[in-house]
Amino acid sequence: MIFKKKTIRIVSLCIAMILLLSSTAFGATPTQDNIEASDYIAMTGASASRTGNTVRIDFEIQGTSSMIKIGSTYIYLYSIDSTGHEALEKTYYYLSGEPYASQMMGYFTGYHDGYVTYAGSSGYTYYAAVVLYANDSTGGDTRVRFTNEV
Amino acid sequence: MDKCEPVMRGSADSSKTNLELLKEIDELIENSTAEELDANEIMKRLDLLQERAPVEPMYSQQEAWDRLMEKVTDGAVPDEPIKQVNPRRRKLVRIAVGIAAAIALLVGATLTASAFGFNLWGWLTRWTDNDFRFVPAETASTSEPVGDEYADIPSALAGLGITEPLYPTWIPEGFELVNTSLDITEPIRMVATYSNGDQYLFIRVSKDNGASTRRFFEKDQTPLIEYYHGAAVHYILYNNDYCTSVWHTNDYEVYVTGTISKESMIKIIDSVYEVKK
């Protein structure tokens with residue numbers, strides 16, 4: 001399915017907002033602070049690199065304290081073809097049971113980093129939207145970070 | 001759960017798939033309050049997952065392919081030499097220590113902690129009311145990978161021949177080092193965790209490859225402070241109850257965050273340079 005880049009980013013942000021607003025699924029209690037800063041997240045980051053056609057998406061998240069869960073819940077990998085059209089290539093989910101999934105979430109730690117790789121194709125560029133999440137016993141917070149294009 | 005109940009090593013639990021175990025871990029976390037959280041049950045499932053497929057610090061498609069090649073060639077030498085996979089235990093140690101710490105906190109027992117740059121002018125900064133980040137003025141170069149592991153960040157910096165003043169020698173009273181995470185493959189990332197009861201202080205040292213443009217530091221609307229010491233500008237920002245500082249020294253980025261005062265943060269920053277005088 002082909003989408004415009006802007007549409008995909010808007011959809012990704014909507015997904016993130018839905019996750020944030022419906023964070024009862026994660027046992028989280030969003031507060032006003034989520035809008036301005038975070039009581040749970042101190043730093044987030046995501047970047048993409050490429051070696052040949054192997055695309056690597058790196059992410060990291062620093063909690064404000066030791067978190068019960070901290071890491072990435074979803075990574076949406078998008079491709080852009082030579083005409084500029086974009087498509088969602090793959091969704092990585094931390095409870096997928098796939099080998100990469102064990103790298104996505106950390107437990108009982110204040111910092112977590114990891115990466116996933118994807119066998120891309122020549123003629124395409126790639127980027128990802130990474131959903132980062134942290135929670136402790138009082139609640140949690142979510143951020144979405146877009147990587148560079150590779 | 002009744003403490004006398006048999007531990008989860010029976011056939012019923014062993015028959016569960018990895019995904020089922022992961023989902024059970026998630027449910028145990030999500031459906032429990034901090035007081036109810038049964039870390040033992042989580043540990044059992046993590047142990048079982050670990051027994052089945054030891055968690056590698058980083059999942060590598062290439063390494064997975066190499067292992068597959070090793071299997072299908074039945075030990076025969078393929079066209080290209082099979083890379084020897086170097087088991088990296090750093091993250092396992094970190095997870096184990098983290099879990100141990102959580103258990104200790106949860107049961108109220110005493111935690112016995114395990115022993116455990118950039119060209120300044122080449123970078124611009126961007127911040128809004130909500131976050132802060134660095135933006136490169138030029139493309140960062142890549143470096144050769146490094147190997148080996150060290151006990152803590154200062155020894156790793158020394159062992160890697162990094163002479164820049166990066167790590168503080170003063171830590172606020174009451175904070176003790178509880179965990180160190182070292183990833184010294186490029187780009188180097190090292191994180192030290194200090195705790196003082198339920199308060200935490202994190203110090204992160206990294207050699208950057210340009211990825212810092214994609215790192216966002218949470219901040220509230222308190223005006224950002226620029227603190228100058230030596231040739232570096234140290235940006236001090238607030239994230240609700242947490243004070244954060246981040247700066248670049250040559251190719252390295254240092255990031256400190258915790259439940260500390262601005263005065264303590266400045267003292268931490270000052271101590272970075274004291275030993276190098």
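Chain identifiers are assigned alphabetically (A, B, ...) following the order of the sequence lines, protein sequences preceding nucleic acid strands; residue numbering begins at 1 within each chain. Only a predicted model underlies this, so the values are computations on that prediction, with no experimental measurement involved.
Using a 4.5 Å heavy-atom threshold, the side chains of B:Asn239 and A:Met43 count as separate.
If you measure heavy-atom distances from A:Ser49 to chain B, you find no contacts under 4.5 Å at all. For B:Thr244, no part lies near chain A; criterion is any non-hydrogen pair under 4.5 Å. With a 4.5 angstrom heavy-atom cutoff, A:Gln62 touches chain B only via side-chain atoms.
Highest contact tally toward chain B, considering only A:Ser96, A:Gly106, A:Ala101, A:Ala48, is held by A:Ser96 [criterion: heavy-atom pairs under 4.5 Å].
Contact record, A:Thr64 with B:Tyr200: O-CB, 4.1 Å, taken as the closest heavy-atom pair.
Residue A:Ile61 holds its CD1 atom at 13.5 Å from CZ of B:Arg215, rounded to the nearest 0.5 Å. Taking CZ of A:Arg143 as the start and CZ of B:Phe216 as the end, the distance is 11.0 Å to the nearest 0.5 Å. Atoms OG and OH, from A:Ser38 and B:Tyr242 in turn, are 8.5 Å apart once rounded to the nearest 0.5 Å. Remark: B:Glu218 CD to A:Asp39 CG distance equals 10.5 Å, nearest 0.5 Å. Taking CD from A:Glu60 and OG from B:Ser206, the interatomic distance works out to 7.0 Å, rounded to the nearest 0.5 Å. Between A:Ser66 atom OG and B:Asp198 atom CG the span is 11.0 Å, to the nearest 0.5 Å.
Listed by chain and number, the residues in a ring-ring contact (aromatic ring centres under 6.0 Å, His included) with B:Tyr255 are B:Phe217 (sequence neighbours excluded). When the side-chain contact (heavy atoms from CB on, under 4.5 Å) test is applied to A:Thr83, the partners found at least two apart in sequence or on another chain are A:Asp81, A:His85.
No more than 12 heavy atoms of other residues, nucleotides or ligands lie within 6.0 Å of OH in A:Tyr124, so this atom counts as exposed by the packing criterion.
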